[in-house]
S.K.: 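Structure provided below as C-alpha cells; questions to follow.
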Amino acid sequence: MKILVTGGSGQVGFELQRQLCLLGNILAPDRAQLDLANEEAVNTWLGQHQPELIVNAAAYTAVDKAESEPELAHRLNAALPAQLADYCHKHQATLVHYSSDYVYPGAGNAPWEETSGTGPLSVYGRTKLEGDEAVAASGCRYLIFRTSWVYSAHGNNFMKTMLRLGREREALNVVADQVGAPTPARLIAQVTEYALRQGIDTGVYHLAPRETTSWHGFSQAIFHHALEAGETLAITPEAVTGIPTSEYPTPAKRPLNSRLSLNKLERALGVTLPDWRSQLALALTEYLDARR
C-alpha cells in the first residue's frame with residue numbers, strides 16, 4: 001500500500017513515519033518536494049503518485065499568528081483536507097485527518113463528546129472545524145482524530161520550552177485555568193496505526209491520554225520528572241506559580257475547558273488509553289536520553 005504522510009517533518013508526522021512503515025510504502029514529501037499551500041501542486045502530486053491511504057498531519061498550528069494570517073490558516077487547515085478528501089472519494093482511498101480541541105467553545109467542566117456542539121474561539125479553531133466538516137461531507141472513508149496539547153521529543157513544543165526555561169530561571173508563572181490532556185505525538189501515531197489495523201468505522205474520534213491537568217500542572221510534572229531523571233534545573237516544581245488566563249493575554253483566545261471524552265475511541269478499539277503522566281515520562285525520557 002502506498003501511504004502519503006503530509007506534514008512529515010512535524011511532531012506527529014515524524015512519529016507516523018516510524019509507526020506506519022509496516023503498513024506500506026511511506027511517501028512523506030518535504031516542502032521543497034510538495035508545497036501544500038499550492039492547490040495545483042497538490043493535485044499534480046496526487047495524480048502522479050496515487051496514494052491509497054493519506055494521513056494528513058499537516059496543519060497551520062501557530063494559533064496566535066493565524067489571527068493575522070487567516071488565508072494561509074484556511075488553506076492548510078480547511079482547504080487542504082477538503083482537497084485530500086475529494087481525492088480519496090474519487091479514488092476509493094482512505095483519509096486520516098487530525099483535528100483539535102479548539103473546535104469546541106471551551107465552557108464548563110464536562111468532557112466534550114464527539115457529538116457536542118462546536119464553537120471555536122479563534123481563527124485556528126474555526127479553520128480546523130471547517131476542515132473537519134469538509135472531510136465529513138466528502139463521501140470518502142475517513143477517520144478524524146481530535147486531539148489536544150500535542151508535544152513530543154521532537155520539534156518545538158511546551159515540554160521542551162519548559163525544560164529550557166527551567167534551566168534558565170528559578171521561578172515561572174504558568175496558566176492554571178486551562179484544562180486538558182497533554183498528548184504525545186507518539187501516542188497519536190500508535191493509536192492511528194492500531195485503528196487502521198482494526199478497521200474501525202468512519203467518523204470523528206477523540207484521541208488523548210486519560211485524565212487531565214492544567215498547563216501549570218503539566219509544567220510542574222515536567223520539572224518533577226526531569227529532576228528525577230537527573231536533569232540539572234534552576235527551578236523546582238514548587239517555584240511554578242499558577243496564574244489565570246486573564247494575566248497572560250494572547251492574540252487568539254484559548255478554550256478553558258479542553259477535556260475530551262475518550263469513550264467512543266476506547267469502545268471502538270477495545271482498549272483503555274494510558275494516562276497523561278505515564279506518557280509524559282516516556283516522552284521526557286526519550287528527549288533527555290537523546291541529549292546525553
S.K.: Does F218 share a hydrophobic cluster with L165, counting links as ILVMFWY side-chain heavy atoms below 4.5 Å and allowing steps through other members?
M.R.: yes
S.K.: Around K160, counting heavy atoms of other residues, nucleotides and ligands shown, do more than 12 lie under 6.0 Å from its NZ?
M.R.: yes
S.K.: Test T192 against V12 for side chain to side chain contact (heavy atoms under 4.5 Å, CB included), laying out the working first.
M.R.: CA-CA 11 Å; T192 298; V12 176; over 6 Å; no
S.K.: State plainly whether the residues R146 and E114 are in salt-bridge range, i.e. N to O under 4.0 Å.
M.R.: no
S.K.: Please report the closest heavy-atom contact between Q11 and A185, naming both atoms and the distance.
M.R.: O-CB, 3.5 Å
S.K.: Mind checking the CD1-CE spacing from I26 to M1? Nearest 0.5 Å is all I need.
M.R.: 8.0 Å
S.K.: Treat each ILVMFWY residue as a node, draw an edge where side-chain heavy atoms are under 4.5 Å apart, and state whether I144 and V103 are in one component.
M.R.: no
S.K.: With hydrophobic residues grouped by side-chain heavy-atom distances under 4.5 Å, do L95 and L36 end up in a single group?
M.R.: yes
S.K.: Please tell me whether M162 and W276 are part of a single hydrophobic cluster in this structure, the criterion being side-chain heavy atoms less than 4.5 Å apart.
M.R.: yes
S.K.: What is the ring orientation for W149 with W215, classed by angle as parallel under 30°, tilted 30 to 60°, or perpendicular over 60°?
M.R.: parallel
S.K.: To the nearest 0.5 angstrom, please state how far the CZ atom of R254 sits from the OH atom of Y102.
M.R.: 4.5 Å
S.K.: Apply the test side chain to side chain contact (heavy atoms under 4.5 Å, CB included) to residues W112 and N257: give CA-CA distance (whole Å), side-chain angles for both, the deciding distance (0.1 Å), then the verdict.
M.R.: CA-CA 9 Å; W112 302 105; N257 177 19; 3.7 Å; yes
S.K.: In terms of heavy-atom contacts, does NZ of K264 have more than 12 from other residues, nucleotides or ligands at under 6.0 Å?
M.R.: yes
S.K.: Counting only heavy atoms not in N25, do more than 12 sit closer than 6.0 Å to its CG atom?
M.R.: yes
S.K.: Report whether L273 and V204 are members of the same hydrophobic cluster (ILVMFWY, side-chain heavy atoms less than 4.5 Å apart, transitive linking).
M.R.: no
S.K.: Side chains of N173 and E247: donor-acceptor distance under 3.5 Å anywhere?
M.R.: no
S.K.: For Y151 and I222: C-alpha separation, side-chain torsions, deciding distance, then whether side chain to side chain contact (heavy atoms under 4.5 Å, CB included) applies.
M.R.: CA-CA 12 Å; Y151 71 99; I222 291 167; over 6 Å; no
S.K.: State whether a side-chain donor-acceptor pair under 3.5 Å links S148 with D101.
M.R.: no
S.K.: Using a strict 4.0 Å threshold on nitrogen-to-oxygen distance, state whether D86 and K90 make a salt bridge.
M.R.: yes
S.K.: If we ignore angles and hydrogens, is there a donor and acceptor under 3.5 Å between the side chains of Q83 and R75?
M.R.: yes
S.K.: Taking the inter-plane angle between the rings of H206 and Y104 on a 0 to 90° scale, is it parallel (under 30°), tilted (30 to 60°) or perpendicular (over 60°)?
M.R.: perpendicular
